[in-house]
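Please read these numbers as outputs of a predicted model, since none were measured by experiment.
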Amino acid sequence: MEKIFIVAVDGSPAGWKAMKLAATLAKASDAAVVLAHVIPVEPVPEGLEEWSKVEGISFDEAQARVRVGRTIGDSITSEAEDRASVLGLGDVSTKVIEGNVAAELVQLASDINADMIFLGSRGLSDVQGVLLGSVSHKVSHLAPCTCVLVR
């Protein structure tokens with residue numbers, strides 16, 4: 001059975017380092033690589049959409065942010081594909097997903113039965129990480145597979 005690695009790409013230096021490590025391990029184990037970018041979109045709180053209709057407020061601004069996020073996500077995954085090619089990866093696919101970043105990465109890992117998730121660590125201080133949480137922290141605790149966090 002072929003191994004599948006997910007690399008969370010966000011354009012950050014730590015994300016590119018994670019991709020480089022994933023490429024090394026993927027080549028050694030003949031794994032397929034999925035380059036995943038998640039556009040952070042949080043659900044509209046219950047009642048807010050109805051309230052906005054009553055008040056005549058449009059959700060166009062939020063929709064515009066998602067469109068811009070998709071453009072940026074496509075750009076990041078395109079650059080990631082180029083870097084993957086330079087690193088000598090052959091079996092590479094990309095996914096641009098909208099939603100909660102940690103939840104979407106965990107769901108993707110479950111959906112494709114991934115063996116590993118590689119992602120960069122933002123390096124939040126311990127206090128910020130405890131109070132706010134971080135994507136890498138959430139993914140590492142919720143993922144159904146091994147997670148590799150790269151600084």
Side-chain angles (χ1 to χ4, degrees), residues 1-46 48-49 59 61-151:
M1 177 181 271
E2 183 180 52
K3 291 184 183 240
I4 302 172
F5 295 167
I6 295 173
V7 180
V9 291
D10 61 1
S12 70
W16 297 130
K17 284 183 186 177
M19 187 172 132
K20 191 172 180 181
L21 176 61
T24 300
L25 295 177
K27 288 189 293 187
S29 62
D30 199 30
V33 175
V34 177
L35 304 171
H37 178 77
V38 182
I39 302 164
V41 177
E42 298 301 324
V44 176
E46 189 176 320
L48 183 59
E49 188 171 2
F59 275 94
E61 183 181 331
Q63 292 168 349
R65 278 186 282 171
V66 170
R67 284 192 299 275
V68 168
R70 178 149 297 276
T71 301
I72 292 168
D74 290 342
S75 175
I76 289 170
T77 54
S78 178
E79 181 179 352
E81 282 182 300
D82 292 344
R83 288 181 182 222
S85 178
V86 168
L87 292 169
L89 288 175
D91 190 358
V92 176
S93 61
T94 62
K95 292 258 186 205
V96 178
I97 310 162
E98 298 172 11
N100 175 282
V101 179
E104 293 299 333
L105 289 171
V106 168
Q107 185 62 53
L108 177 61
S110 293
D111 290 348
I112 66 172
N113 199 25
D115 295 285
M116 297 179 91
I117 301 173
F118 294 80
L119 63 164
S121 169
R122 288 184 41 188
L124 291 176
S125 73
D126 290 345
V127 173
Q128 281 181 308
V130 169
L131 294 176
L132 302 175
S134 68
V135 169
S136 58
H137 181 80
K138 290 173 186 170
V139 170
S140 69
H141 282 79
L142 300 173
C145 59
T146 301
C147 294
V148 179
L149 308 180
V150 179
R151 288 198 180 274

Just distance, no hydrogens or angles: give the donor-acceptor pairs under 3.5 Å from side chains in residues 140-148, sequence neighbours left out.
unit_1	atom_1	unit_2	atom_2	d
Ser140	OG	Ser136	O	3.2
Ser140	OG	His137	O	2.9
His141	ND1	His137	O	2.9

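- A search for side-chain hydrogen bond (donor to acceptor under 3.5 Å, both in side chains) contacts involving Glu79 returns Arg83, not counting sequence neighbours.
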Let me have the donor-acceptor pairs involving side chains of residues 17-27, under 3.5 Å, with sequence neighbours excluded, atom names and distances please.
unit_1	atom_1	unit_2	atom_2	d
Lys17	NZ	Arg151	O	3.4
Thr24	OG1	Lys20	O	3.2
Lys27	NZ	Leu87	O	2.7

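- Considering all non-hydrogen atoms of both residues, Ile97 and Leu108 come closest at CD1-CD2, 4.1 Å.
- Glu104 is linked by a side-chain hydrogen bond (donor to acceptor under 3.5 Å, both in side chains) to nothing, counting only residues two or more places apart in sequence or in another chain.
- For Asp82, there are no side-chain hydrogen bond (donor to acceptor under 3.5 Å, both in side chains) partners, not counting sequence neighbours.
- In this structure, Glu81 CD and Ser93 OG are separated by 8.5 Å, a value rounded to the nearest 0.5 Å.
- Between the NZ atom in Lys95 and the CD1 atom in Ile6 there is a gap of 9.5 Å [rounded to 0.5 Å].
- Counting only heavy atoms from C-beta outward, the side chains of Val34 and Val7 never approach each other to under 4.5 Å.
- Residue pairs meeting the ring pair (Phe, Tyr, Trp, His ring centres under 6.0 Å) criterion with at least one member in residues 76-116, sequence neighbours excluded, do not occur.
- Nearest heavy-atom pair, Val139 versus Ile117, reported as atom, atom and distance to 0.1 Å: CG1-CD1, 4.0 Å.
- Here the shortest heavy-atom pairing between Val33 and Leu89 reads CG2-CD1, 4.1 Å.
- Applying the side-chain contact (heavy atoms from CB on, under 4.5 Å) rule to Thr77 yields the partners Val9, His37, Thr94, Val96; only residues at least two apart in sequence or on another chain are considered.
- Pairs of residues two or more places apart, or lying in two chains, that qualify as ring pair (Phe, Tyr, Trp, His ring centres under 6.0 Å) and include a residue from residues 97-118 are Phe5-Phe118.
- Scored by the side-chain hydrogen bond (donor to acceptor under 3.5 Å, both in side chains) test, Ser12 finds Asp10 as partners (sequence neighbours excluded).
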